[in-house]
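In what follows, chains are A, B, ... by sequence order, proteins preceding strands, each numbered from 1. Everything quoted here is computed from the prediction, not taken from an experiment.
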Amino acid sequence: MDGKIVSLLIDSFWKILLPGLKITIPLTVITFAIGMVLALFCAMVQITNVKVLSQISKFYIWIFRGTPLLIQLFIIFYGLPKLGILLDAFPAAVITFSLNIGAYNAEVMRAAILAVPVGQMEAGYSVGMNYFQIMARIVLPQAFRIAFPSLSNNLISLNKDTSLAASITLGEMFLAAQRIAARTFEPLALYCEVAFIYLIMSTVLAKLQTWGEKKLSVHERRDNETGRPL
Amino acid sequence: MSMIELINICKTFGDGEVLRGVDLQVNKGDIVVILGPSGSGKTTLLRCMDFLERADQGVMIFDEERTELATASKHTIAALRKKIGFVFQNYNLFANKTALGNVMEGLTVARRMHKKEAEQIAKAALDRVGLSDRYDYYPSQLSGGQQQRVGIARAIAMNPEVILFDEPTSALDPELVSEVLDVMKKLAQDGVTMVVVTHEMGFARQVANKAIFMDQGVVVEQGTPAQLFDAPREERTRQFIRKILKEEAEDNKAIDTAAEDRTTEG
Ligand SMILES: Nc1ncnc2c1ncn2[C@@H]1O[C@H](COP(=O)(O)OP(=O)(O)OP(=O)(O)O)[C@@H](O)[C@H]1O
Ligand SMILES: [Mg+2]
């Protein structure tokens, strides 16, 4: 590799990483958190069969899982101004990604809640607990454990998908890379470099997933020698 | 006056009439065993009593208070559940809680008891079922017999007036059955009122003072265990008892041969 490219890569590394730290990561964290709230809400209204809300949440999931994320971004950022709703790139991205990840995670959470044996719910009733107490203390903690790998997967996807926001002028990592590539005529090097940074982020998230799974599964572990809790 | 009187309990699932007018009395201190073929409605009857299933019709008089099962309010249900403990066939322990946590949960969350006090009661309950050395174990770290004993401790910790047992030993390996039955015998000696669905004839004979034979959603016959097992009046009861005794004899023979095999090998 010639020296010019090496120094370009080193030079541009911080210029790409900085928007990563300032925009990509916060965007991922914020939208995942909002999406989780949405997801829980949708999963619960479907499971408890709240009539109208359940219909609405099914419709919402149908739309946001059934259409391309890139087009959702375009509609919200470029389309809504036609209706007089003008959003900056960052809020537009927050709204779109939250709604999108919320739809995916709603299905994950719904399945996970249903996977907790219903007998535990009945045991809760039999000792006098009410529905919300049982949900909060018995079912949801186990549902989160069950959902954790799928939620982690979705989080890793979301982190990469934030690069789509470059197309609505959000100055995140990919847009930063695009700009440098255009200026230096080195698209191959720069796009590989930005891909590499995403790869590192994904790797860190995957490590966190492994650690989290271990942490969450205390009640499933058993020391094979003694049968004692670890 | 009985502590509990059930009158004309009916329950239909879809087009299956599962309970067709069941009447039952339980006195304080009674150990009632319920027997009957698979699908006769034994589980459904117990579940209706604890409102895990909503009966279509019928009355439960508990401590002289009369409740229409089909229309009981949330408030009434909560009050009755306080008086009734339930032990499940599949234990149904809270998988995310330790043995101690399982027993404390109802006390701290439903009864709003202070943690300290709840912990004392829960430990005493676990001691009573012989699990003083398993407080901090999660259900997945316990044997079936131990899990069921936690289930029993969870029920007795709430200090109910009656405990309903739905085939508490039928999910257990044969060698674990007796540790659970022993705990139940001890509770019986302590005067705990129990309604037990079981096919354990030995337990029924030794511990129960009342046996009930159910078939196709009705009580066919009732009496003392001796009456029901040795001198059944109804043909259906006779057939069922004969079948159970035969199965039991075969099981015992199988266990004996297995034991013999082991001794000859060793
Ligand atoms: N939730 C349900 N929905 C539909 N049918 C049900 C339901 N629960 C029970 N049944 C039916 O009701 C009948 C009686 O069931 P139940 O479990 O009360 O019988 P059981 O006497 O406890 O039998 P077993 O000895 O096998 O436990 C069965 O035919 C069963 O299929
Ligand atoms: Mg049953």
Chain A contact via Asn96(B) - side chain, backbone, both or neither, heavy atoms under 4.5 Å = both

Could you have a look at Leu164(B), Leu52(B), Thr98(B), Val87(B) and say which one has the most heavy-atom pairs with chain A under 4.5 angstrom?
-> Leu52(B)

Given a strict heavy-atom distance threshold of 4.5 Å, which part of Leu93(B) is in contact with chain A: side chain, backbone, both, or neither?
-> backbone

Heavy-atom pair of closest approach, residues Asp50(B) and Ser126(A) | OD2-CB, 3.4 Å

Side chain from CB out, backbone as N, CA, C, O: work out which of these in Arg137(A) comes under 4.5 Å of a heavy atom of chain B, or both, or neither.
-> both

More than 12 foreign heavy atoms under 6.0 Å from NZ of Lys83(B): is that the case here?
-> yes

What do you reckon, is CG of Asn27(B) surrounded by more than 12 foreign heavy atoms closer than 6.0 Å?
-> yes

Any Ile138(A) side-chain heavy atom under 4.5 Å of Glu105(B) side chain = yes

With chain A, the option among Ala155(B), Pro160(B), Ala110(B) that has the most non-hydrogen atom pairs under 4.5 Å is Ala110(B)

In this structure, are over 12 heavy atoms from other groups packed under 6.0 Å from Phe148(A) atom CZ?
-> yes

Tyr131(A) atom OH, neighbour heavy-atom count above 12 within 6.0 Å | yes

By a 4.5 Å heavy-atom criterion (distance strictly below it), what part of Phe94(B) contacts chain A: side chain, backbone, both, or neither?
-> both

Expected output: side-chain Gln133(A) to main-chain Val109(B) donor-acceptor under 3.5 Å | yes

So what's closer than 4.5 Å to chain A heavy atoms on Arg134(B): side chain, backbone, both or neither?
-> neither

For Ala95(B) against Gln120(A), the heavy-atom pair lying closest together | N-OE1, 3.2 Å

For Glu175(B), does the CD atom sit with more than 12 other heavy atoms under 6.0 Å from it, leaving out its own atoms?
-> yes

For the candidates Phe88(B), Phe51(B), Tyr91(B), Phe86(B), which exhibits the highest count of non-hydrogen atom pairs separated by less than 4.5 Å from chain A?
-> Phe88(B)

Count the heavy atoms belonging to other residues, nucleotides or ligands that lie under 6.0 Å from CD of Glu213(A), then report whether that count exceeds 12.
-> yes

Using non-hydrogen atoms and a 4.5 Å limit, figure out which bit of Lys97(B) sits close to chain A: side chain, backbone, both or neither.
-> side chain

